[in-house]
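Worksheet: the structure to be examined is printed underneath.
Just so you know, ligand 1 is whichever comes first in the structure, and atom 1 is the first atom listed for that ligand. All values derive from a computational prediction rather than experimental measurement. Values reported hereafter were calculated over all heavy atoms of this structure, with side chains retained and with hydrogens, waters and symmetry mates removed.
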Amino acid sequence: MNFLYELKSFFFPKNVLNFNTASPVHPTSRGIPVPTTKLREGSGSLTRSAEACPTKAIRILSDSEVQFDYGRCLQCGICTENSDGKLRDSGFIYTFALSREELKVTYISGRMEKVSELPISLTESQKRFQELTKKRGFLYREVAAAGNNTVESELNASFNSVFDSEREGVRCVASPKHADAIVFSGPVGKNMAAPLTTAWEVMAEPKALIACGTEAVSGGLFPQGKLPKEPDLFISGDPPRPDVILQGFRLLMGRFSFRFQEALHKILENEK
Ligand code: SF4
C-alpha cells in the first residue's frame with residue numbers, strides 16, 4: 001500500500017506552498033482594512049470605524065488624514081462593517097516588517113502616503129542574524145507570553161506538509177540555550193515578562209527576538225508588558241497564518257525581499 005502512495009506522489013504534483021509564487025493577498029482571508037474610492041472622493045470621515053475598533057488601531061489625524069496601525073490590527077472587520085462602504089477588507093495578509101514603524105500607514109484623502117524607495121537599513125543585530133541564518137536557517141524556542149494559544153496552533157501548522165517549515169531549515173527546540181531566536185506570542189502579561197527575559201538572556205549571540213501575532217507586536221486588546229529588547233521581526237495578525245509566519249522568517253533571514261508598505265502601496269495603486 002505504501003508503495004502505491006509513493007508511486008502516486010511521484011506522478012502527481014506535491015501540495016506544498018511555493019514561497020516564490022505565493023501572493024500577499026489571499027482571496028479567502030479578510031486581511032487588513034483599506035480605504036475604498038468612496039473615501040477618496042471625500043465622502044465623510046472614518047470616525048465611526050475608529051470608535052468601533054477594539055484595539056484603537058485607527059487614528060484620525062485631521063479631516064483628510066487617517067492613520068492605520070496594522071501592528072495593532074486584529075483583521076476582525078468591525079471597522080469595515082461600520083464604515084458605510086468607505087473601507088473594505090483587502091485580503092492583504094503579509095503584515096510583517098523588520099521595524100515597528102513600517103506597520104503604521106497614513107492615508108491622505110483615502111490614498112496611501114508615498115513610501116520611501118530607499119532600501120531598509122538593518123540594525124546590527126538583524127545583520128548578524130542574517131549572516132548566521134541566510135544559508136542554514138535557524139532554531140527557535142517559542143514562548144507563550146500570556147496569549148490565547150492561537151499563534152501556537154499556527155506555528156504547529158507551519159510544520160505540516162503544506163507549509164513545511166523544515167525545508168527552510170527552521171525548527172523548534174525545547175531549550176533557549178539551543179536556539180538562535182525566541183518567537184513569542186501574547187501581550188507579555190506581568191507573570192511572563194521575567195521568564196521571557198530569562199529565556200532571552202541565556203541565549204548566545206547572534207540571536208533574534210520575534211514578535212508573533214498582534215498581541216506580541218502591540219499588546220492588541222491588552223496593555224503590552226515589558227520586553228527584553230525591541231523585537232527584530234514583527235508579524236502581525238490575530239493569529240498570522242503559517243505561510244505569513246514563514247515568509248516573515250524568510251524576510252529576517254534575508255531570503256525574501258519584501259517591504260510591507262511598498263507591497264501594499266503597489267497593490268492599492270494597481271486597483272485605481
Ligand atoms: S482591529 Fe478590527 S476594527 Fe480595528 S482596524 Fe483592524 S480590522 Fe478594523
Short side-chain to backbone donor-acceptor contact, S29 and G91, under 3.5 Å: no
Protein contact of atom 6 (Fe) of ligand 1 - nearest heavy atom, named by residue and atom, plus distance: C73 SG, 2.4 Å
Derivation of the ring pair (Phe, Tyr, Trp, His ring centres under 6.0 Å) call for F258 and Y94: CA-CA 9 Å; F258 175 83; Y94 279 16; 5.8 Å; yes
Atom 2 (Fe) of ligand 1 - nearest protein heavy atom and its distance: C76 SG, 2.2 Å
Chi angles and distances behind the side chain to side chain contact (heavy atoms under 4.5 Å, CB included) call for E269, R111: CA-CA 9 Å; E269 286 303 297; R111 284 191 184 284; 4.0 Å; yes
T123 vs Q126, side chain to side chain donor-acceptor pair (under 3.5 Å): CA-CA, chis, key distance, verdict: CA-CA 5 Å; T123 62; Q126 286 167 338; 3.3 Å; yes
Top protein contact for atom 4 (Fe) of ligand 1, by heavy-atom distance: C53 SG, 2.3 Å
G77: numbered ligand 1 atoms lying under 4.0 Å from its heavy atoms: 2 (Fe), 7 (S)
Closest protein heavy atom (residue, atom, distance) for atom 1 (S) of ligand 1: L74 N, 3.2 Å
Subset of ligand 1 atoms that lie under 4.0 Å from at least one heavy atom of P54: 3 (S)
Between F260 and F92, ring centroids under 6.0 Å: yes
C79 backbone or side-chain N/O/S under 2.8 Å from atom 4 (Fe) of ligand 1: no
Presence of salt bridge, K127 and E124, under 4.0 angstrom: yes
Which of the ligand 1 atoms, numbered from 1, are nearer than 4.0 Å to a heavy atom of T55: 1 (S)
